[in-house]
Amino acid sequence: MAAHGGAPGAKGALTPRAEDFPRWYQEVVARAEMADNGPVRGTMVIRPWGYEIWERLQAALDERIKAAGAHNAYFPLFIPEAFMRLEAQHVAGFDPELWVVTHGGGRELEEPVVVRPTSETVVNHFFAKWVQSHRDLPLLVNQWCNVVRWELRPRLFLRTTEFLWQEGHTAHADEAGARDYALRILTDVYQDAMEQVAAVPVLVGHKTERERFAGAVRTWTCEGMMGDGKALQMGTSHELGQNFAQAFGIQYSDATGVLRHVWQTSWGASTRLVGALIMSHGDDFGLRLPPALAPVEVVVLCVREDDAVRRAASALADELRRAGRRVHLDDRTDTGFGRRTVDWELKGVPVRVEVGPRDLAQGSVTVVTRHTRTKQAVALGGVADAVERICGRAAGELRAEALAFRESRTASVGSLEEAVEAGASGFARVPWKAVREEGELQLASEALSVRCLQRDDGGLASAGEADDALVAVVGRSY
RNA sequence: CGGGCUGUGGCGCAGUUUGGUUAGCGCGCUGCGUUCGGGACGCAGAGGUCCCCGGUUCAAAUCCGGGCAGCCCGACCA
């Protein structure tokens with residue numbers, strides 16, 4: 001680690017990741033002031049530091065979703081229970097997770113109302129109304145909202161009863177149109193935002209029948225590896241075929257006047273991504289944020305109470321702001337220097353500029369890079385450049401580190417037995433032929449699952465390509 | 001829903017076995033002062049239905065009965 005590391009084992013330090021990863025995670029969430037448990041079991045209060053990170057992720061996704069041609073809309077929280085029952089697999093998939101409102105206005109409702117676990121059904125109810133002609137297609141809609149699902153074992157950001165997400169719903173004239181769009185969302189929206197913005201490398205592929213979304217014909221997924229070697233599903237894009245179109249009667253007249261059912265997709269990514277960020281990049285000192293997602297990119301810290309220090313720090317903060325950075329000036333005099341540095345480190349602020357009398361005597365300041373925890377003396381005139389350089393490199397370095405970690409924990413094997421062994425600490429790449437449905441059952445008994453199927457070179461299967469030629473990525477998961 | 005464990009200031013815990021004054025400790029919080037180059041220190045404070053209900057007893061955080069809640073591990077999920 002860095003030569004200037006904090007006192008190891010200092011009271012109040014985080015539990016080391018290697019000692020107890022889940023505990024480390026909880027402590028980071030609490031002490032970086034990202035979230036709290038809500039009063040109703042499984043609910044989550046997202047605090048400003050966590051929410052601002054989400055807002056930046058959201059902006060990155062929203063921008064890409066719009067670039068893919070979809071428009072935002074909003075559908076209601078409440079869904080008639082009858083809607084949920086229209087598509088058989090969908091019902092079966094979600095039934096155990098539903099929250100149902102039975103009372104309103106002090107009376108029992110004649111027809112219970114479901115709190116949306118996803119909006120598939122309401123959206124399609126309206127698609128049936130809006131789609132009449134081939135000229136109405138493709139219809140590309142996205143919504144940002146909360147959804148609610150019964151959860152047995154909640155964990156902040158990763159799995160909560162209520163969470164925030166984006167759900168896209170589209171209708172296309174033909175199968176290829178739907179399929180291409182689902183893939184476009186997977187790679188151009190999800191994979192790109194995760195790798196380029198969140199700096200989390202992901203594997204892309206499709207789910208096995210067992211892991212597929214209820215009602216989909218194919219589920220595409222982005223899977224990341226967290227700091228403990230477990231997989232996290234970070235975004236999914238579904239080809240729905242005509243399942244919902246038939247259940248909801250979504251039809252259009254084609255150019256020859258023939259009535260046809262549409263082909264559809266749906267896709268979602270949630271606040272779980274905040275958890276992915278924590279677990280991918282965090283270290284024993286707390287969060288490490290890629291600058292693009294950091295609520296504060298640079299904190300300018302006065303080492304001690306001193307007029308010259310304060311003036312210099314304030315001037316530097318202004319200069320950095322003018323350079324377009326999100327800057328916070330920490331000139332608190334009621335909290336010790338050590339405490340303040342540790343707090344900013346916990347929160348993952350990418351760059352710390354420490355201004356003290358000793359620095360100023362040299363005409364310089366101390367610039368600290370969070371993700372490497374390295375310090376350097378920088379001349380006052382060169383601070384903006386130094387910050388620019390660090391922020392420019394941080395995401396790439398975090399991504400490379402995460403990728404190297406994933407590769408160090410990934411083994412290519414030939415048999416199910418070997419996959420079980422390798423999957424315990426990371427990912428096992430094993431021919432799907434060696435697994436299949438029977439193998440999946442055995443994996444489940446070892447707390448493992450097939451995270452996705454992909455080509456040996458990491459590429460996506462093409463239309464009509466048999467799973468037999470593909471590789472299964474096996475691992476533990478969240 | 002099966003197995004294990006725990007409920008004590010905001011958080012983490014001790015005390016319960018063997019009932020006994022005013023229920024402690026660490027962190028956090030408030031005030032004052034000294035501090036401040038990697039989680040500072042002193043002094044003075046605030047903060048409690050000991051999960052709930054009932055029972056035993058002169059006396060219950062502690063013993064008994066019943067309830068409730070939460071955590072961890074297994075079957076489902078973004």
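To find a chain, count down the sequence lines: A is the first, B the second, and so on, and within it residues start at 1.
No side-chain donor-acceptor contact under 3.5 Å links A/Thr121 to the backbone of A/Met84. The closest donor-acceptor contact from the side chain of A/Gln166 to the backbone of A/Ala269 lies under 3.5 Å. Under the 3.5 Å distance criterion, the side-chain polar atoms of A/Asn243 are matched with a main-chain donor or acceptor of A/Gly215. In this structure a side-chain-to-backbone donor-acceptor pair under 3.5 Å is missing from A/Ser314 to A/Arg310.
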* For RNA chain B, what string of dots and brackets results from 5' to 3' when Watson-Crick and G-U pairs need both distances under 3.5 Å, crossing pairs get [ ], and pairs with another strand get |? -> (((((((..((((......[...)))).((((((.....)))))).....(((((..]....))))))))))))....

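Annotation: B/rG12 and B/rG28 have their P atoms spaced 15 Å apart (nearest Å). Of the C1' atoms belonging to B/rU17 and B/rC11, the separation is 28 Å, rounded to the nearest Å. A distance of about 12 Å separates the P atoms of B/rC13 and B/rU6, rounded to the whole Å. Look at the P atom in both B/rU8 and B/rA61: the space between them is 15 Å, to the nearest Å. With both ends at atom C1', the span from B/rC64 to B/rC72 equals 28 Å, rounded to whole Å. One C1' atom belongs to B/rC71, the other to B/rC29, and the distance between them is 27 Å to the nearest Å. Between the C1' atoms of B/rG26 and B/rC32, the separation comes to 23 Å (whole Å). The separation of B/rU21 from B/rG66, taken at their C1' atoms, amounts to 32 Å, rounded to a whole angstrom.
Under the salt bridge (Lys or Arg N to Asp or Glu O under 4.0 Å) criterion, the residue pairs touching residues 89-98 of chain A are A/Arg85-A/Asp95, with sequence neighbours excluded. The salt bridge (Lys or Arg N to Asp or Glu O under 4.0 Å) analysis of residues 223-239 of chain A, with sequence neighbours excluded, yields the pairs A/Arg179-A/Glu239, A/Lys207-A/Glu223, A/Glu223-A/Arg451.
The salt bridge (Lys or Arg N to Asp or Glu O under 4.0 Å) test applied to A/Arg409 returns no partner, not counting sequence neighbours. Residues passing the side chain to side chain donor-acceptor pair (under 3.5 Å) test with A/Glu401, sequence neighbours excluded: A/Arg288. A search for side chain to side chain contact (heavy atoms under 4.5 Å, CB included) contacts involving A/Leu140 returns A/Ala70, A/Pro138, A/Thr170, A/His172, A/Tyr181, not counting sequence neighbours. Residues forming a side chain to side chain donor-acceptor pair (under 3.5 Å) with A/Thr161 (at least two apart in sequence, or on another chain): none.
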* To do: Do nucleotides 71-78 of chain B as a string where each nucleotide becomes B, S or -: B if the base has a protein heavy atom under 4.0 Å, S if just the sugar-phosphate does, - if no protein is that close.
  => S-SBBSBB

* A/Arg311 vs A/Asp307, salt bridge (charged side-chain N to carboxylate O under 4.0 Å, His left out): CA-CA, chis, key distance, verdict -> CA-CA 6 Å; A/Arg311 275 196 303 276; A/Asp307 282 343; 5.0 Å; no

* To do: Please test A/Phe127 against A/His169 for ring-ring contact (aromatic ring centres under 6.0 Å, His included), starting from the C-alpha separation and ending with a verdict.
  => CA-CA 9 Å; A/Phe127 272 25; A/His169 300 274; 7.1 Å; no

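Within residues 327-339 of chain A, the residues having any heavy atom closer than 4.0 Å to RNA chain B are, in order of number, A/Thr333, A/Thr335, A/Gly336, A/Phe337, A/Gly338, A/Arg339. Residues from residues 293-308 of chain A with heavy atoms under 4.0 angstrom of RNA chain B, sorted by number: A/Val303, A/Arg304, A/Glu305.
Taking 3.5 Å as the limit, the base of B/rG37 and the side chain of A/Thr341 contain no donor-acceptor pair of atoms between them. Applying the 3.5 Å distance criterion, the base of B/rG37 shares no donor-acceptor pair with the side chain of A/Lys375. For A/Arg352 against B/rG38, a side-chain N or O and a base N or O form a donor-acceptor pair under 3.5 Å.
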Enumerate, atom names and distances included, each donor-acceptor pair closer than 3.5 Å involving a side-chain atom of residues 435-444 of chain A, sequence neighbours excluded.
{"unit_1": "A/Arg436", "atom_1": "NH1", "unit_2": "A/Asp468", "atom_2": "OD1", "d": "3.0"}
{"unit_1": "A/Glu440", "atom_1": "OE2", "unit_2": "A/Thr208", "atom_2": "OG1", "d": "2.6"}

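For the pair A/Leu14 CG and B/rG38 P, the interatomic distance rounds to 19 Å; values are reported in whole Å. What separates CH2 of A/Trp150 from P of B/rC1 is a distance of 10 Å, to the nearest Å. If you measure from atom CD of A/Glu354 to atom P of B/rG39, you get 12 Å, rounded to the nearest angstrom.
Note that A/Arg373 lies in the cation-pi zone of A/Phe285, set by a 6.0 Å cut-off to the ring centre and a 45° limit from the axis.
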Short heteroatom pairs, N/O only, protein and nucleotides 2-5 of chain B, under 3.5 Å:
none

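Within 6.0 Å of CD in A/Gln376 there are more than 12 heavy atoms belonging to other residues, nucleotides or ligands.
A/Gly356 comes within contact range of at least one nucleobase, with a heavy-atom separation under 4.0 Å.
Between A/Phe83 and A/Phe248, the ring planes lie perpendicular to each other; the angle is over 60°, past the 30° to 60° tilted range.
Taking 4.0 Å as the cut-off between side-chain N and carboxylate O, A/Arg332 and A/Asp330 count as a salt-bridged pair.
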